[in-house]
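For the numbers below, each heavy atom of this structure counts, side chains included, while hydrogens, waters and symmetry mates do not.
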Amino acid sequence: IYRSLWEKKFMLWCDRNANVLEWGSEEIIIPYRSPLDNRVHRYYPDFYVKARTKSGLLARSIVEVKPYAQTKPPRRGKKKPRTFLSEVKTYNVNAAKWKAARAYCADRRMSFLIITEHQLGV
């Protein structure tokens, strides 16, 4: 399952990379507490990847593909209040998801990566 062309590009990279041994799309469920309603929700990270490192070891990672702009706190600037509020909500929910993902990965000796258009070369 891909929800953007950036995710599709990452999938093709995984398929073509001989060091990627296995990968899956939205297969892991991580519970997180939303700062918007203080309730527990389910986060489905974009990808799970198992790959061989340059040193030959196996590494497991959870990968999220996001626009770079969504990885940094939004700036008010000249945006309309409704637009700015929406960006703040999106950023705060993403931050809660990523905090839960980092804890999930730390417990399982995995890494959590956020890939943006910069890494994808878009």
Side-chain angles (χ1 to χ4, degrees):
I1 297 171
Y2 63 89
R3 301 182 191 280
S4 72
L5 291 178
W6 295 356
E7 290 180 12
K8 182 179 180 183
K9 186 171 186 172
F10 182 76
M11 291 174 166
L12 293 172
W13 179 84
C14 287
D15 284 342
R16 294 175 182 151
N17 189 323
N19 290 318
V20 174
L21 305 176
E22 63 184 44
W23 67 272
S25 172
E26 298 187 8
E27 293 186 3
I28 294 174
I29 302 169
I30 300 173
Y32 75 98
R33 186 168 300 279
S34 171
L36 301 183
D37 61 11
N38 203 33
R39 294 176 59 197
V40 175
H41 296 264
R42 296 187 294 177
Y43 167 41
Y44 296 86
D46 292 330
F47 299 101
Y48 161 79
V49 179
K50 182 178 176 182
R52 189 176 326 281
T53 65
K54 290 181 181 181
S55 61
L57 300 173
L58 294 182
R60 296 179 308 139
S61 302
I62 289 177
V63 179
E64 183 69 23
V65 177
K66 279 285 186 236
Y68 179 77
Q70 290 184 12
T71 66
K72 303 293 179 198
R75 294 186 179 197
R76 177 73 169 109
K78 296 180 181 180
K79 298 174 187 167
K80 292 182 180 179
R82 189 179 315 175
T83 301
F84 179 65
L85 182 59
S86 175
E87 289 177 2
V88 169
K89 287 179 180 180
T90 297
Y91 175 77
N92 286 329
V93 169
N94 283 340
K97 289 177 181 181
W98 299 339
K99 179 180 177 183
R102 286 183 182 96
Y104 178 94
C105 288
D107 288 345
R108 292 160 179 80
R109 295 184 182 166
M110 298 171 71
S111 60
F112 177 67
L113 306 168
I114 300 171
I115 294 180
T116 69
E117 65 269 27
H118 301 284
Q119 289 84 14
L120 291 170
V122 175

> Tell me whether L5 at atom CG has more than 12 heavy atoms from other residues, nucleotides or ligands lying less than 6.0 Å away.
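Incorrect, the count does not exceed 12.
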> Kindly indicate whether the side chain of I114, heavy atoms from C-beta on, has any atom under 4.5 Å from the side chain of V63.
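Sidechains of V63 and I114: no contact.
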> Keeping to residues at least two apart or across chains, list the salt bridge (Lys or Arg N to Asp or Glu O under 4.0 Å) pairs with something in residues 85-112.
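Those involving residues 85-112 are K79-E87.
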> Would V65 and V49 show up in the same hydrophobic cluster when neighbours are defined by side-chain heavy atoms closer than 4.5 Å?
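V65 clusters together with V49.
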> With sequence neighbours left out, write down each residue that passes side chain to side chain contact (heavy atoms under 4.5 Å, CB included) with Y68, or none if nothing qualifies.
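Y68 satisfies side chain to side chain contact (heavy atoms under 4.5 Å, CB included) with T71, K72, T116, E117, H118 once adjacent residues are dropped.
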> Could you list all the ring-ring contact (aromatic ring centres under 6.0 Å, His included) pairs where at least one residue sits in residues 77-97, not counting sequence neighbours?
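Output for this query is empty, none listed.
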> Which residues satisfy the side-chain hydrogen bond (donor to acceptor under 3.5 Å, both in side chains) test with R33, sequence neighbours excluded?
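Once residues adjacent in sequence are excluded, R33 has no partner under the side-chain hydrogen bond (donor to acceptor under 3.5 Å, both in side chains) criterion.
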> Looking at every heavy atom in both A101 and Y43, which two are closest together, and how far apart are they?
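Heavy-atom minimum between the residues: CB-CE2, 3.8 Å.
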> My understanding is that a hydrophobic cluster links ILVMFWY residues whose side chain heavy atoms are under 4.5 Å apart, including indirect links. Using that, what else belongs to the cluster containing L58?
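Hydrophobic cluster check, L58: joined to L21.
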> Considering residues at least two apart in sequence or located in another chain, which fulfil the ring pair (Phe, Tyr, Trp, His ring centres under 6.0 Å) criterion with Y104?
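None.
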> My understanding is that only residues two or more places apart in sequence, or in another chain, count here; which of them pass side chain to side chain contact (heavy atoms under 4.5 Å, CB included) with L57?
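With neighbours one apart ignored, the set is T53, S55.
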> For R3, is there any backbone N or O sitting under 3.5 Å from a side-chain donor or acceptor partner on E7?
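Indeed, once roles are kept as given, a pair shorter than 3.5 Å links the two residues.
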> Under the salt bridge (Lys or Arg N to Asp or Glu O under 4.0 Å) rule, what pairs show up with a residue in residues 44-65, not counting sequence neighbours?
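For residues 44-65, and leaving out neighbouring residues, the salt bridge (Lys or Arg N to Asp or Glu O under 4.0 Å) pairs sorted by first residue read E64-K66.
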> Is there a side-chain contact between F10 and L120 (heavy atoms, below 4.5 Å)?
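Result yes, sub-4.5 Å side-chain heavy-atom pair found.
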> Is the shortest side-chain heavy-atom distance between S25 and M11 below 4.5 Å?
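In short, these two side chains touch, coming nearer than 4.5 Å.
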> For R76, look at atom CZ and say whether over 12 heavy atoms of other residues, nucleotides or ligands are found less than 6.0 Å away.
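Enclosed.
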> Is there a path of hydrophobic side-chain contacts, each under 4.5 Å between heavy atoms of I/L/V/M/F/W/Y residues, joining V93 to I62?
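Yes; tracing contacts between hydrophobic side chains, which count when under 4.5 Å, links both residues.
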> Are I115 and I28 connected in a single hydrophobic cluster, I mean Ile/Leu/Val/Met/Phe/Trp/Tyr linked by side-chain heavy atoms less than 4.5 Å apart?
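Unlinked, I28 and I115 end up in two clusters.
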> Mind checking what makes side-chain hydrogen bond (donor to acceptor under 3.5 Å, both in side chains) contact with E27, not counting sequence neighbours?
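If we apply the side-chain hydrogen bond (donor to acceptor under 3.5 Å, both in side chains) test to E27, skipping adjacent residues, there are no hits.
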> Got a sec: does the OH of Y48 have more than 12 other heavy atoms crowding it under 6.0 Å?
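Enclosed: over 12 neighbouring heavy atoms sit under 6.0 Å from OH of Y48.
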> Please list all pairs passing the salt bridge (Lys or Arg N to Asp or Glu O under 4.0 Å) test where one or both residues lie in residues 9-25, with sequence neighbours left out.
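Sorted result for residues 9-25: empty, none.
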> Parallel, tilted or perpendicular: which fits the ring planes of W23 and F47, with parallel below 30° and perpendicular above 60°?
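If you compare the ring of W23 with that of F47, the planes turn out perpendicular.
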> Do side-chain atoms of N17 reach the backbone of W13 as a donor and acceptor pair under 3.5 angstrom?
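No.
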> Please enumerate all residues that pass ring pair (Phe, Tyr, Trp, His ring centres under 6.0 Å) together with Y44, with sequence neighbours excluded.
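Residues passing ring pair (Phe, Tyr, Trp, His ring centres under 6.0 Å) with Y44: none at all.
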> Please enumerate all residues that pass side-chain hydrogen bond (donor to acceptor under 3.5 Å, both in side chains) together with S61, with sequence neighbours excluded.
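Here the qualifying residues are S111.
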> Taking all non-hydrogen atoms of both residues, which atom of P35 and which atom of A96 are closest, and how far apart?
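So the minimum-distance heavy-atom pair works out to CD-CB, 3.8 Å.
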> Same cluster for V88 and W98 if Ile/Leu/Val/Met/Phe/Trp/Tyr side chains link at under 4.5 Å?
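They do not share one cluster, since no chain of ILVMFWY contacts under 4.5 Å joins V88 to W98.
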